[in-house]
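As the structure is a computational prediction, the values presented were derived from the model and not from experiment. Order of the sequence lines sets the chain letters (A, B, ...), proteins ahead of strands, with each chain counted from 1.
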Protein chains: 2
Amino acid sequence: MSTISTENYLKKIFNHNKAFGEKINAVKLAQELSVSNAAISDMAKKLSKHGLISYEKYKGIELTDKGEQMALNVIRRHRLWELFLIKVLDIPWSEVHEQAEVLEHHTSDKLIDRIDEFLGFPDFDPHGHPIPRKNGSLPDAQNYVTLAEAAEGSSYELMQVDDHEKKLISYLTKVGFVLNTRFVVIDKLDFDKSYTIKFNDTVLSVSQKISESLYLQEIIEAGEKND
Amino acid sequence: MSTISTENYLKKIFNHNKAFGEKINAVKLAQELSVSNAAISDMAKKLSKHGLISYEKYKGIELTDKGEQMALNVIRRHRLWELFLIKVLDIPWSEVHEQAEVLEHHTSDKLIDRIDEFLGFPDFDPHGHPIPRKNGSLPDAQNYVTLAEAAEGSSYELMQVDDHEKKLISYLTKVGFVLNTRFVVIDKLDFDKSYTIKFNDTVLSVSQKISESLYLQEIIEAGEKND
DNA sequence: ATATTTTTTTAAGTATGCTTGAATTCATAA
DNA sequence: TTATGAATTCAAGCATACTTAAAAAAATAT
């Protein structure tokens, strides 16, 4: 009971729960996976039968411990591959996600553990997301803020970008706004909730939508205090 | 029309032709792929329709140019992965084949070209087999002899081992008879066609069956001539 | 409480790639 | 030339994972 499809279902269920702190409902899951509601109904039955999810209809879908372990394993494979492809093979940031999306389903435990070791047992992937460990535990998530929550005048470092929008990452790379870039928030436009930021010699206007996908760490200047 | 199944069919058809210099017949192909004759019948129709093979019934199956290019591509991916897994990730020789057997079907051109470049565009895989190039050409095959053809008293270097028998490779590794080991043929036993060889401080008896899977290069001592 | 809307399930159908067993086609040996 | 056996194909069926359309069940609104 571990096919590409089931792994993708488990991953989505896990990620939704992680992001929103609540069970995903069936219709939402169908949308996320781009399949019909009937397909969810089918698959939910199978996953339940195998003890991977618990599903109360009209209430939502949740992973069991067993299902969660499987999801963490897929995510582990995905994130280790992403890091490996970028760090070792120097694959462009914008292409790494879709390659990993395939490889995550075709990598034995032995191979992924070797990759893990090769990389020095890293805690975070190139998007800043925590990499589940071999034993299923997760490194503490980093508490970044999004640009949408940033304060005018403050300095930040770009730590993480949602990785599901390939085009976003291509765009950011093109304009030179890559991971670990330090910048200042120059302006916050109430009119359209866009942000103007400055890094190196570039001034960039960032739309509201994009600002919600950029995760930052505030840079506290020497001399400042924050307690 | 490029699924895991079709890729495996094309690979088998190609390899048979390469090894025996003749078309593979349908019954043989069924045995090699561990499927029924009916399955071959089905698939042969599909592959023909897509212009990948030419099949005259009762005569055998042959790749078209298009089919051969696809086969070479799969083999390229397989052999590059094998080399990468051994050289970069230090995966045991005995496990590399089955990992590559999976990855060969799930690797984009971009990724495999990066791996190729990373390895310095190698000509041969860890078994000594030529790696098809990006343009579909094959490096000249090496003309090794098998141990079964070796001469008593002569010295050889182990260059290549048939990679489809995982257990053979495990065994050879265990006894220390690995790639590039140099040895002398001490004895050729007519009785069971076994060979006794000596490398480092080990004397090893090699059965006839195994001797046919070991590919060697003769070592011409300094001072000797061979013309 | 009833009507409406949303959610969920069922039913029938599709594609791939197999299976088995029966029928058919072809090659060849007597 | 015909019988035999081998090679090939057909027919029906299975599993996975979908689809659409219709039916049923539950939630929500009036």
Side-chain angles (χ1 to χ4, degrees), chain A residues 1-14 16-17 20 22-64 66-67 70-71 74 101-102 104-106, chain B residues 1-17 20 22-63 66-67 70-71 74 101-102 104-106:
Chain A
M1 190 52 191
S2 185
T3 66
I4 296 174
S5 256
T6 59
E7 289 186 349
N8 285 331
Y9 275 72
L10 297 177
K11 215 174 40 158
K12 272 277 187 276
I13 297 165
F14 180 91
H16 181 96
N17 184 273
F20 302 100
E22 57 184 26
K23 313 186 191 185
I24 191 167
N25 90 342
V27 171
K28 177 81 184 159
L29 182 57
Q31 289 163 355
E32 290 271 318
L33 290 167
S34 306
V35 299
S36 66
N37 293 341
I40 300 292
S41 189
D42 250 36
M43 187 59 107
K45 233 176 274 166
K46 275 186 228 165
L47 295 175
S48 287
K49 203 182 71 187
H50 287 87
L52 297 171
I53 63 169
S54 78
Y55 175 33
E56 279 184 275
K57 54 185 185 172
Y58 300 92
K59 296 245 177 105
I61 298 172
E62 220 174 6
L63 296 178
T64 61
K66 189 174 158 193
M70 273 187 61
V74 183
E101 203 66 19
V102 176
E104 67 183 9
H105 303 297
H106 304 287
Chain B
M1 190 51 190
S2 185
T3 66
I4 296 175
S5 256
T6 58
E7 290 187 347
N8 285 331
Y9 275 72
L10 296 177
K11 215 173 42 159
K12 273 276 188 273
I13 296 165
F14 180 91
N15 282 333
H16 181 95
N17 185 272
F20 302 102
E22 56 183 27
K23 312 185 191 185
I24 190 166
N25 91 341
V27 172
K28 177 80 184 161
L29 183 57
Q31 288 163 357
E32 290 271 318
L33 290 167
S34 305
V35 300
S36 67
N37 293 340
I40 300 292
S41 190
D42 248 37
M43 188 59 106
K45 233 175 278 166
K46 275 186 228 166
L47 295 176
S48 286
K49 202 182 73 188
H50 287 87
L52 298 170
I53 62 169
S54 79
Y55 175 33
E56 279 184 274
K57 54 185 186 173
Y58 299 94
K59 295 244 177 103
I61 298 172
E62 219 173 7
L63 295 179
K66 189 174 158 195
M70 275 187 61
V74 184
E101 203 65 21
V102 176
E104 67 183 9
H105 304 297
H106 304 287

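Atom CG of A:L10 and atom P of D:dA17 are 11 Å apart (whole Å). Per the geometry, CG belonging to A:N8 stands 17 Å off P belonging to D:dT16, to the nearest Å. In this structure, A:Y9 atom OH and D:dA17 atom P are separated by 9 Å, rounded to whole Å. Following rounding to the nearest Å, A:H105 (NE2) and D:dA17 (P) show an atom-to-atom distance of 12 Å. Taking atom CG on B:L47 and atom P on C:dC18, their separation rounds to 10 Å, with Å as the unit. The nearest whole Å value for the distance from the NZ atom in B:K49 to the C1' atom in C:dA15 is 11 Å. Look at CG on A:L33: it is 13 Å from P on D:dA17, rounded to the nearest Å. The separation between A:K46 atom NZ and D:dA15 atom C1' is 8 Å, rounded to whole Å.
A:K28 is linked by a salt bridge (Lys or Arg N to Asp or Glu O under 4.0 Å) to A:E32, counting only residues two or more places apart in sequence or in another chain. Applying the salt bridge (Lys or Arg N to Asp or Glu O under 4.0 Å) rule to A:K59 yields the partners A:E56; only residues at least two apart in sequence or on another chain are considered.
Residue contacts shown for A:T6 are absent, as no nucleic acid heavy atom lies under 4.0 Å away. The residue B:S36 sits close to a base: some heavy atom pair falls under 4.0 Å.
At the phosphate of C:dT16, neither OP1 nor OP2 sits under 4.0 Å from any side-chain N or O atom of B:S5.
The shortest distance between side-chain heavy atoms of A:L52 and A:L10 falls below 4.5 Å.
The main-chain N or O of B:H50 is found under 3.5 Å from a side-chain atom of B:K66 such that the two form a donor-acceptor pair. Under the 3.5 Å distance criterion, the side-chain polar atoms of B:S48 are left unmatched by any main-chain donor or acceptor of B:S54.
Considering NZ of A:K12 and CG of A:L29, their distance stands at 9.0 Å, rounded to 0.5 Å.
Taking every heavy atom of both residues into account, A:M70 and A:S2 meet most closely at CE-OG, 3.7 Å.
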Just the table, please: protein N/O against nucleotides 5-9 of chain D N/O, every pair under 3.5 Å.
{"from": "D:dT8", "atom 1": "OP1", "to": "B:Y58", "atom 2": "N", "distance (Å)": "2.8"}
{"from": "D:dT9", "atom 1": "OP2", "to": "B:S41", "atom 2": "OG", "distance (Å)": "2.7"}
{"from": "D:dT9", "atom 1": "O5'", "to": "B:S41", "atom 2": "OG", "distance (Å)": "3.3"}

